[in-house]
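Attaching a single structure in structure tokens format; questions to follow.
Sequence lines set the chain letters: A, B, ... in the order given, protein chains first and strands last, and positions in each chain run from 1. Computed from heavy atoms alone, side chains included, the values below leave out hydrogens, waters and symmetry copies.
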Number of protein chains: 2
Amino acid sequence: MDQRVKKKATIYDLSGLSGSSPSTVSAVLNGTWRKRRIKESTAQTILGLAELHQYTTNLQARGLRRSRSGLVGLMLPVHDNRYFSSMAQTFEGHVRSRGQCPVVVSASRDPEEERRTAETLISYSIDQLFIVGATDPDGVHEVCELAGLRHINIDLPGAKAHSVISDNYQGARMLTEAIIRHFGNDDRLRPDELFLFGGRNDHASRERIAAFHATKKALLGADPDDGVQSSGYSPDITLRAFEAFYQRRGKLPRALFINSSINMEGLLRFMAGRPAEMFSELVVGCYDYDPFGSFLPFPVIMVRQNVEAMITKAFELIDGPPTAPQTFLIAPELIQPRSALKGPLDTLKDIE
Amino acid sequence: MDQRVKKKATIYDLSGLSGSSPSTVSAVLNGTWRKRRIKESTAQTILGLAELHQYTTNLQARGLRRSRSGLVGLMLPVHDNRYFSSMAQTFEGHVRSRGQCPVVVSASRDPEEERRTAETLISYSIDQLFIVGATDPDGVHEVCELAGLRHINIDLPGAKAHSVISDNYQGARMLTEAIIRHFGNDDRLRPDELFLFGGRNDHASRERIAAFHATKKALLGADPDDGVQSSGYSPDITLRAFEAFYQRRGKLPRALFINSSINMEGLLRFMAGRPAEMFSELVVGCYDYDPFGSFLPFPVIMVRQNVEAMITKAFELIDGPPTAPQTFLIAPELIQPRSALKGPLDTLKDIE
DNA sequence: AGTTTCTGCACCATCGATTGTGCAAGCGAA
DNA sequence: TTCGCTTGCACAATCGATGGTGCAGAAACT
């Protein structure tokens, strides 16, 4: 009734009200009461009171006692990106369906921050940690290991825990091939007309670059040394790479392999303020899928990583018996230009 | 040394090792030791041991005792969207800079889920809750109020707590005007050539629709009744709205006001598989900003909501003294087609 | 020397829930 | 009547950290 700023009800309150001991109340409320041979009628009384007083379990207390919290962590490099945010969306669905509480945090691709973040999550006794695209997965592993926390790498592999990643080599091979084949035989691409922008010294980039090299060589006969312009995972650095290239050559290549949607944003920045016609002949392959990116004014072939499959596999592994660290490849999918695919949001219901 | 699967060190372990009492150890480790007049040298000893044994505070225990957790919650409708994910990104930066731990969860625009999610977060004694785009802000308020949790609405206002929202009316006015003015005087838009797609019965949509109506009427002289096609916040419902429209009229309008990037994805789905030329004359205004959306093959005028300002204001309010619930409007910004703006990611450093 | 004032720390209750253990009452069988 | 088993629950320790309170010894002062 007069639930003003009243403190939340505890098992002790319900104990007093019901005449049962706190332990009985606890058992009833956490569902172990049959095992503890509590009478049905006692249970009903307590449940009624709980309802009446809007009892909710203090999960910190439970967590302290059980040394598990019911929280499952997802550590992302960044939020603001369709690949990672769809990862978060998918992850949430999985965690909720198991009755746990998802916690999503980002660590900015900073190894130091990654470890600190893991430490913090561990201090809250999270039950499992999904480490996505970490710059230093093994550093994070160290921290988790010490705390006995189950964890798994996604997107970028580590050596010391299971990893679920895209088959970057195959994906990049498909993508490179698709870019090249996009030009018919009469308008054949020359090796110096296809460049890769973006990438960093991480596993994914290395694989993609290797596949790019190999495929280019196989299909176009050669790949000049400077076919790759690394520019990290930053739009601005990528922008500068494009500007530098443009400065040197007086034009952009006819075809681009862009390492991620973040680098693609660098291309957008380059486009901004420049006439649209400058890009009308461009063909782009982008290793990431973004629905809006797919409809740019030039053909954009994209690769969509199979987030749902990766998350599913990751749960399977993290719940399974511990075995020697292994890396699992999930095949990505080639997406033709002008495709608007369904995403994790499509499973949500919306009002009419 | 042999930190195998050893349990984590506690203040009791350090107490034994250092010869000090647990309370002394606690005081040293949480920084209140000067206030408790602990000798410098004692503190150093304990800090040394803590370092050596990799002590980390059990934050659940601390949270239980203090009934605050150091967690700050952000409840989003969904993750997989540039507006909300940039909100998360910005929020994280703010929370981290105050030494707390951000927790981001989504509640799928489901009032029931929103309340449940708030309940769960409360059970972990989060310190503050930022409620973004809730379908039922006042329902969530109820839950927070009962627990004495400070909270604030963002993006969609509630009646019972402070709200920080975009100035949707002004934004929509600017956007409608920009769409109309995009057609010169010689190619004047007729009232039945501009339609609004998307929107729902929420405050933001209502304001935008009202502004759309008013501006259209003011500039084009009239607005036929069916100028608005509500289609919620779902790409697929929006797709169906476009299909229905197309069915009826045999063509799309020349100009569109699209209520959000999610609805815009409905337009993409409509575009997929249809010839690009069909859309070459289209002019779109979208109430949301997405860098890729800004470079579609037709002019897309966008509205960027000022996420940074909203979050900043929200922190200011939530930390300030409690006052009667009030709604604060933050001016959004009109973004011309083909603009690639900096976002929250740009403040992150990236390796060369 | 006796009294007051600091210093420096230990003691202990507490936050709310969990869980191993113990035990009284009830009941049937011998 | 007595033994033994089941039923139904209470007791109390525990998870790890916090913070109010109290107290001994040293220092300062009269």
Side-chain angles (χ1 to χ4, degrees), chain A residues 6-46 50 53-70 119-120 122-127 147-148, chain B residues 6-46 50 53-70 119-120 122-127 147-148:
Chain A
K6 203 161 70 183
K7 288 271 138 256
K8 299 201 64 116
T10 70
I11 52 168
Y12 298 97
D13 300 332
L14 298 185
S15 163
L17 290 165
S18 68
S20 301
S21 76
S23 59
T24 300
V25 175
S26 169
V28 168
L29 293 172
N30 68 28
T32 59
W33 55 281
R34 289 181 195 286
K35 207 173 64 191
R36 289 178 83 83
R37 297 193 315 240
I38 308 294
K39 223 196 318 183
E40 175 88 32
S41 66
T42 309
Q44 289 312 326
T45 308
I46 293 174
H53 293 271
Q54 314 212 41
Y55 170 85
T56 56
T57 310
N58 181 323
L59 296 174
Q60 295 214 70
R62 169 182 290 173
L64 175 58
R65 188 57 235 264
R66 289 204 179 147
S67 61
R68 298 181 303 106
S69 65
E119 290 277 17
T120 305
I122 287 170
S123 301
Y124 287 108
S125 306
I126 59 167
D127 299 345
Chain B
K6 202 160 71 183
K7 289 269 139 253
K8 299 202 64 119
T10 70
I11 53 167
Y12 299 96
D13 300 332
L14 298 185
S15 162
L17 290 165
S18 68
S20 302
S21 77
S23 59
T24 301
V25 174
S26 170
V28 168
L29 293 172
N30 69 29
T32 60
W33 56 280
R34 289 183 195 284
K35 206 173 66 191
R36 289 178 83 82
R37 299 191 316 241
I38 307 294
K39 223 195 320 184
E40 175 88 34
S41 66
T42 310
Q44 290 312 326
T45 308
I46 292 174
H53 294 271
Q54 314 212 41
Y55 170 86
T56 56
T57 310
N58 180 323
L59 296 175
Q60 297 216 69
R62 169 183 291 174
L64 176 58
R65 187 59 236 263
R66 289 199 180 154
S67 62
R68 297 183 304 107
S69 64
E119 290 278 18
T120 305
I122 287 169
S123 302
Y124 287 109
S125 307
I126 59 167
D127 299 345

Take atom CG of A:Leu29 and atom P of C:dT18, then tell me their distance rounded to the nearest Å.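 Checked: the CG to P distance equals 8 Å.
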Distance in angstrom units between B:Gln60 CD and D:dC15 C1', rounded: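 Spelled out: CD on B:Gln60 to C1' on D:dC15 is 10 Å.
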Between the base of D:dT18 and the side chain of B:Arg62, is there any donor-acceptor pair under 3.5 Å?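 Side chain to base: no pair present.
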Rounding to a whole Å, what distance do you find between A:Arg34:CZ and D:dT7:C1'?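 Distance, rounded to whole Å: 15 Å.
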When you check the phosphate oxygens OP1 and OP2 of C:dA17, does a side-chain N or O of A:Asn30 lie under 4.0 Å from one of them?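 Looking at the OP1 and OP2 atoms of C:dA17, neither is under 4.0 Å from any side-chain N or O of A:Asn30.
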What is the distance, rounded to the nearest whole Å, between atom OH of B:Tyr124 and atom C1' of C:dC15?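 The distance from OH of B:Tyr124 to C1' of C:dC15 comes to 17 Å, rounded to the nearest Å.
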For B:Ser67, answer base if it contacts any base atom (sugar-phosphate contacts may also be present), sugar-phosphate if it contacts only those atoms, and nothing otherwise; contact means non-hydrogen atoms under 4.0 Å.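 No contact at all - B:Ser67 keeps every heavy atom at 4.0 Å or more from the nucleic acid.
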Which part of the nucleic acid does B:Thr42 contact within heavy-atom distance under 4.0 Å: base, sugar-phosphate only, or nothing?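 Sugar-phosphate, no base atom in range.
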N/O-N/O pairs, protein side and nucleotides 22-28 of chain D side, under 3.5 Å:
none

Choosing from D:dA17, D:dC9, C:dT21, which nucleotide comes nearest the side chain of A:Arg36?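 Nearest to the side-chain atoms of A:Arg36, counting from C-beta on, is C:dT21.
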Any donor-acceptor pair under 3.5 Å joining the side chain of B:Arg65 to the base of C:dG16?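 Donor-acceptor pair under 3.5 Å: no.
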On the nucleotide C:dT18, are OP1 or OP2 found under 4.0 Å from the side-chain N or O atoms that A:Arg66 carries?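 True: A:Arg66 side-chain N/O within range (under 4.0 Å) of C:dT18 OP1/OP2.
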One pair to check against side-chain contact (heavy atoms from CB on, under 4.5 Å): A:Leu29 and A:Ile11. What are the steps and the verdict? CA-CA 9 Å; A:Leu29 293 172; A:Ile11 52 168; 4.1 Å; yes
Rounded to the nearest angstrom, tell me the gap between atom CG in B:Leu64 and atom C1' in C:dA13.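 In whole Å, C:dA13 C1' lies 13 Å from B:Leu64 CG.
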If you take any heavy atom closer than 4.0 Å to DNA chain C, which residues from residues 18-25 of chain B end up in contact?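 B:Gly19, B:Ser20, B:Ser21, B:Ser23, B:Thr24 - these, ordered by number, are the residues of the stretch whose heavy atoms sit under 4.0 Å from the strand.
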